[in-house]
Protein chains: 2
Amino acid sequence: MEDNAFKRDCRKNIRAVHDAMDVLSGKWKVSIIAVLCYSSQQRFSEILSNVEGISNKMLSKELKELESDKLVKRTVLSTQPVTVSYELTPYGKSLKDVIMHLARWGTEHRQEIIAG
Amino acid sequence: MEDNAFKRDCRKNIRAVHDAMDVLSGKWKVSIIAVLCYSSQQRFSEILSNVEGISNKMLSKELKELESDKLVKRTVLSTQPVTVSYELTPYGKSLKDVIMHLARWGTEHRQEIIAG
DNA sequence: CCGGATCCCGTCTGATACTG
DNA sequence: CAGTATCAGACGGGATCCGG
């Protein structure tokens, strides 16, 4: 591989990684997406109990950001009382592969992570 | 797939994802790791120029955290003046696969990311 | 050259309480 | 049920100057 081609590719990929993190940074976003990967169409309170440790305030905020990034679709159901359901958009679903790799890495290296 | 097995697996994976993000959260960490993936043994100033937009303070801080998480190895070279080189540990290198998937996703979805 | 130390302000986040 | 409001402390991150 030539050095210039390498460096061009390198910078391009680093920018790509940074772009991706722009959307995924945030303490809970990846967890929320992971939860929605495992079961689509979840209500607010379901997500709240599935993401251990998150507060309703944070969940509300991060869901709003994910929605405005077009990763998540919010649907209000006219029930009594009102319920709201969240699901991944096709765009959001495209993250499934990345999330799975993250999960695998986290599983394989749990010991090292905790030890650190 | 049975529902209980599914849910057990689900929670386990969500925890794994959260664990992984514990180590990777931070505005620049993934970018730094990506940079080190593409060329091992880089000096502080090299990383500084390869990660666009980062300040020396942030680089210093995040490198320190990555080091204490055992993802990065720091080596002081007794040159004049002193130079310091950073490289990924084998543990850090195990993230290469994840980073590559992130880069691919970021490349494929650059338009959507920027549009949002 | 490789950072460390300090100042400083804005953002993030948890706890708690409240509303339609 | 699905959020919003408010307060207060923690944290992030830029600028700048300093030391080995």
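Since the model is a prediction, treat every value here as computed from it, not as a measurement. Keep in mind that the numbers below use all heavy atoms, side chains included, and drop hydrogens, waters and symmetry copies.
- Remark: S60(B) is in phosphate contact with dG4(C), judged by side-chain N or O atoms under 4.0 Å from OP1 or OP2.
- With distances taken from any side-chain atom of F44(B) to the nucleotides dG3(C), dC12(C), dG3(D), the minimum falls on dG3(C).
- When rounded to the nearest whole Å, the span between CG of L63(B) and C1' of dC1(C) equals 15 Å.
- The side chain of P81(A) lies closest to dC1(D), out of dG4(C), dC1(D), dA2(D).
- Per the geometry, CG belonging to L48(B) stands 15 Å off C1' belonging to dG4(C), to the nearest Å.
- Residue V84(B) places its side chain closer to dG3(C) than to any other of dT13(C), dG13(D), dG3(C).
- In this structure, S60(A) contributes its side chain and N56(A) its backbone to no donor-acceptor pair below 3.5 Å.
- Note: NZ (K61(B)) to P (dA5(C)) measures 15 Å, nearest angstrom.
- Taking the charged nitrogens against the carboxylate oxygens, K29(A) and E65(A) do have a contact shorter than 4.0 Å, which makes a salt bridge.
- Rounded to whole angstrom, the span from the CG atom of N50(A) across to the P atom of dA2(D) amounts to 13 Å.
- Remark: K27(A) does not engage E62(A) in a salt bridge, criterion side-chain N to carboxylate O under 4.0 Å.
- Relative to the side chain of K57(B), the nucleotides dT13(C), dG3(C), dT6(C) differ in distance, and dT6(C) lies closest.
- Comparing dT13(C), dG4(C), dC1(C) by their closest approach to the side chain of K27(A) singles out dT13(C).
- The separation between M58(B) atom CE and dA5(C) atom C1' is 13 Å, rounded to whole Å.
- Between E62(A) and V82(A), the one whose closest nucleotide on DNA chain C sits nearer the 5' end is E62(A).
- Put simply, NZ on K29(B) is 14 Å from C1' on dG13(D), counting in whole angstrom units.
- One atom, CH2 of W28(B), and another, C1' of dG13(D), lie 10 Å apart when rounded to the nearest Å.
- Y38(A) and N13(B) get closest at one heavy-atom pair: OH-ND2, 2.6 Å.
- Residue K64(A) places at least one side-chain N or O closer than 4.0 Å to OP1 or OP2 of dT4(D).
- If you measure from atom CD of E65(A) to atom P of dT13(C), you get 9 Å, rounded to the nearest angstrom.
- Among the nucleotides dG13(D), dG3(C), dT4(D), the one closest to any side-chain atom of Y86(B) is dG3(C).
- In terms of phosphate contacts, R43(A) brings no side-chain nitrogen or oxygen within less than 4.0 Å of OP1 or OP2 of dG3(D).
- Each of dC1(D), dG3(C), dG3(D) was ranked by its minimum atom distance to the side chain of N56(B); first place goes to dG3(C).
- Here CZ of R74(A) is found 9.0 Å from CG of L63(A). Values are rounded to the nearest 0.5 Å.
- In this structure, of dC2(C), dG12(D), dC1(D), it is dC1(D) that holds the atom nearest to the side chain of S45(A).
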